[in-house]
Amino acid sequence: MSLLKRIERNQDPTNSEPSKLQELRVKRASPAAGSRDAYVDLKNRVQQRLIAELDPGMDISQTAEVRSTIQEMFEAMLAEESIVLTRNEKRRLFEAIVAEILGFGPLEQFLNTDGVTEIMVNGPKNVYVERNGKLQRVSVLFEDDDHLMRIIDRIVAPLGRRIDEGSPMVDARLPDGSRVNAIVPPIALCGPTLTIRLFSKIPLTVENLIEYGSVTAEAVEFLKACVISKLNVFISGGTGSGKTTLLNVLSGFIPDGERIVTIENAAELQLRQEHVVTLESRAANVEGRGAVTIQDLVVNSLRMRPDRIIVGEVRSGEALDMLQAMNTGHDGSLATGHANSTRDMLARLETMVLMAGMDLPHRAIREQIASAIHLIVQVDRLRDGSRKVVSVSEIQGMEGDVITMSEIFRFEQTGFENGKVIGRLRPTGLRPKFMWKIQDAGIMLPPSVFGIGSRNRR
C-alpha cells in the first residue's frame, strides 16, 4: 500500500492554511494552559505539511528509508519556518510525527517499553498501562475521539476488519501478534475504547517462567513429559492470568516433525516448529455473511490430518467438537478456557457443550469430558500481580455422575511480604494413573518429581 493511500485512510483532514510565524513557535515548557495547545497545533501543522510533500508512491514497508526521508524534510521545514526548538523538543516532536505517520500515534512509545504488558485507552483523555502487574495512569492523551478512531482503524483495517456504529466491536492483533480489542460509541459511552495485550518481543521461555516463580522445574518436567507422550492438556484460568503464555510454552515441547494446526480468534501463538498451520476465525462482513467461527475451524481441522490440534481458547459450542476430536484419535491436543478453578472448568465445559445445540444428557457430556481430557492446569493472577500455576490435576474418570480428579501439584502460599505473595508449587506425592502412557513414550520420571522421597513433600 502506498504511503499516500494509507495516510488518506487514517488521517483526518484539517485546515492546512498557513499560519503566522508566531503560531508555529513552540512555547517553552510552563504550567500555562496554552502550552500544550501550542505544541499540538505545531505538531498538526508540521505533520500535514510533511504528508503533503512526501512522495505518494513511497513504500512504507521500508521503515528506515521513510523515516530518514521524513527527518530530512522535518529539519528543512523547521529551518525554513525559523522554528526554534531545544534538542529534546525537536526529538519529541519528530518522534510524535513519525508515530502518527508510520505507527500508532501516542501509543507507539508503550509498544516498545519493557515491563508494559497491557495498554488500556478509555476514551481520548484516559490512558492506562499495566506495568509489572500493576495498573497506572499515564499522561499520554489523544487530541479527540477522531484521533483515537484513526489509530483504531489503522490497527484493524490491514486485517480486513472494520469498526463503526454498525459494527462497534472488533477483535484484532498488531503485526507482532499482540491482542487488540476495540469498542466504540454508541456502545462505549466514554468514547472509543481500546485494549491491547502486548506480546513480549522475545517470547517467554520455560526458563523465564521458572525464574519468575510462575512454575517449578519439577512441574515443568512433568508437563513436558505429558505433552511429548500426547496427553490431552487443558489450561484454565481467569482473564490475564497467563493462559496463552503457558500454552505457547507447552506447545514448544511438541516434537519436530508433527503436523500442528492452531485455531485462534486472533493469531497469538508463536510456535517454533516447522510444520505449523495457523487458522484464524473471521467475523461476518457488512452484509452479515462470511463468518467463520472457531467451531467451523475445529471441524475443518479434522480433515487436515493434524497430529496436534491447539485451540487458543474454547468459549462456546466448539467444546463439543474439541472433545470429539480428543476422543477419536487426535491425542496430544492443547486448549485453554476461562475458569476460576479446575472444578469450575469442568462445569464450564459442560455448559459450552450444551451451547453447541445438542440436547445431550449431562452424564453423557461428563463421560466425554472424563475420557477426553487427561490433565487440567490452573493458572491464576495473584493479588500482587504475579501469574502462577496454582494447580495441576489429573482427570481420573467417573464415579457415579461425578468426574473425579486427583491433584498432582498444588500451590501453597506461606505468606505475604512487602507486597509479594510468598509460596511455591509443590507436588502432592500422588502419581497420576496415566503414568503408563508417559512410560510407553520412553520417558522415565524420577520419583522426586512427585515429591516421593523428597523434602518438598508435606
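Between the side chain of K125 and the main chain of F142, a donor-acceptor pair closer than 3.5 Å is present. N418 contributes no side-chain N or O that, together with a main-chain N or O of K420, makes up a donor-acceptor pair within less than 3.5 Å. Judged by distance alone, with hydrogens and angles left aside, the side-chain atoms of R282 form no donor-acceptor pair with the main-chain N or O of V292 at under 3.5 Å. Remark: the backbone N or O of Q324 is paired with a side-chain donor or acceptor of T328 at under 3.5 angstrom. Between the side chain of S229 and the backbone N or O of V227 there is no donor-acceptor pair closer than 3.5 Å. A donor-acceptor pair under 3.5 Å is formed between the side chain of Q273 and the backbone N or O of I254. Between the side chain of E221 and the backbone N or O of A217, no donor-acceptor pair lies under 3.5 Å. One N or O on the side chain of E264 and one on the backbone of L269 form a donor-acceptor pair closer than 3.5 Å.
Between L204 and Y212 there is a side-chain heavy-atom pair separated by less than 4.5 Å. Within the 4.5 Å cutoff, no side-chain heavy atoms of F104 are placed close to those of I196. Considering only heavy atoms from C-beta on, N181 comes within 4.5 Å of D171 through its side chain. Side-chain contact check for L223 versus V389: every heavy-atom pair is 4.5 Å or farther apart. Here the side chains of I395 and F234 are not in contact, with every heavy-atom distance at 4.5 Å or above. Side-chain contact between L107 and L194 is present, with at least one heavy-atom pair separated by less than 4.5 Å. Contact check for N126 versus C190: no side-chain heavy atoms found under the 4.5 Å cut-off.
Results of the side chain to side chain contact (heavy atoms under 4.5 Å, CB included) test with V180 over T195, I155, I152 single out I155 as the only residue that passes. The residue from I309, L279, L297 that alone fulfils the side chain to side chain contact (heavy atoms under 4.5 Å, CB included) condition with M304 is L279. Paired with V220 under the rule side chain to side chain contact (heavy atoms under 4.5 Å, CB included), one option of L425, L209, I210 passes, and it is I210.
Under 3.5 Å, the side chains of E313 and T336 contain no donor-acceptor pair of N or O atoms. Side-chain polar atoms of T293 and Q295 form no donor-acceptor pair below 3.5 angstrom. With no hydrogens or angles considered, no side-chain donor-acceptor pair links N248 and T245 at under 3.5 Å. Between the side chains of N265 and S281, at least one donor N or O lies within less than 3.5 Å of an accepting N or O.
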Practice task
Might you work through the side chain to side chain contact (heavy atoms under 4.5 Å, CB included) test for L354 and H362, ending with a clear yes or no?
Solution key: CA-CA 9 Å; L354 293 173; H362 288 281; 3.9 Å; yes

Practice task
Dump the intermediate steps for side-chain hydrogen bond (donor to acceptor under 3.5 Å, both in side chains) on T244 and R197, then the final yes or no.
Solution key: CA-CA 11 Å; T244 304; R197 181 163 302 167; over 6 Å; no

Exercise for the section: In sequence, state the C-alpha distance, the side-chain angles, and the governing distance for K243 and H338, and then conclude on side chain to side chain contact (heavy atoms under 4.5 Å, CB included). Expected result: CA-CA 9 Å; K243 299 185 299 298; H338 278 82; 3.5 Å; yes

Exercise for the section: Under the side chain to side chain contact (heavy atoms under 4.5 Å, CB included) rule, what do D380 and V390 come out as? Steps first, then yes or no, please. Expected result: CA-CA 7 Å; D380 279 347; V390 297; 3.5 Å; yes

Exercise for the section: Take K224 and V206 through the test side chain to side chain contact (heavy atoms under 4.5 Å, CB included) and record every step on the way to the result. Expected result: CA-CA 10 Å; K224 181 178 181 180; V206 174; over 6 Å; no

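In terms of heavy atoms, K230 sits closest to D331 at O-CB, 3.4 Å. In terms of heavy-atom proximity, A356 sits nearest to G317 at CB-O, 3.6 Å. Looking at every heavy atom in both residues, Q109 comes nearest to V140 through NE2-CG2, 3.1 Å. The two residues S333 and N232 have their closest heavy-atom pair at N-OD1, 3.0 Å. Of all heavy-atom pairs spanning H147 and E143, the tightest one is ND1-N, 3.1 Å. Pairing each heavy atom of V421 with each of D384, the nearest pair is N-OD2, 2.9 Å.
Aromatic ring orientation, F222 versus F409: tilted (interplanar angle from 30° to 60°).
Between the CG atom of L375 and the CE atom of M405 there is a distance of 11.0 Å, given to the nearest 0.5 Å.
Within a 6.0 Å sphere centred on CD of E274, heavy atoms belonging to other residues, nucleotides or ligands number 12 at most.
A salt bridge links E130 with R387: the closest approach of a Lys/Arg side-chain nitrogen to an acidic carboxylate oxygen falls below 4.0 angstrom.
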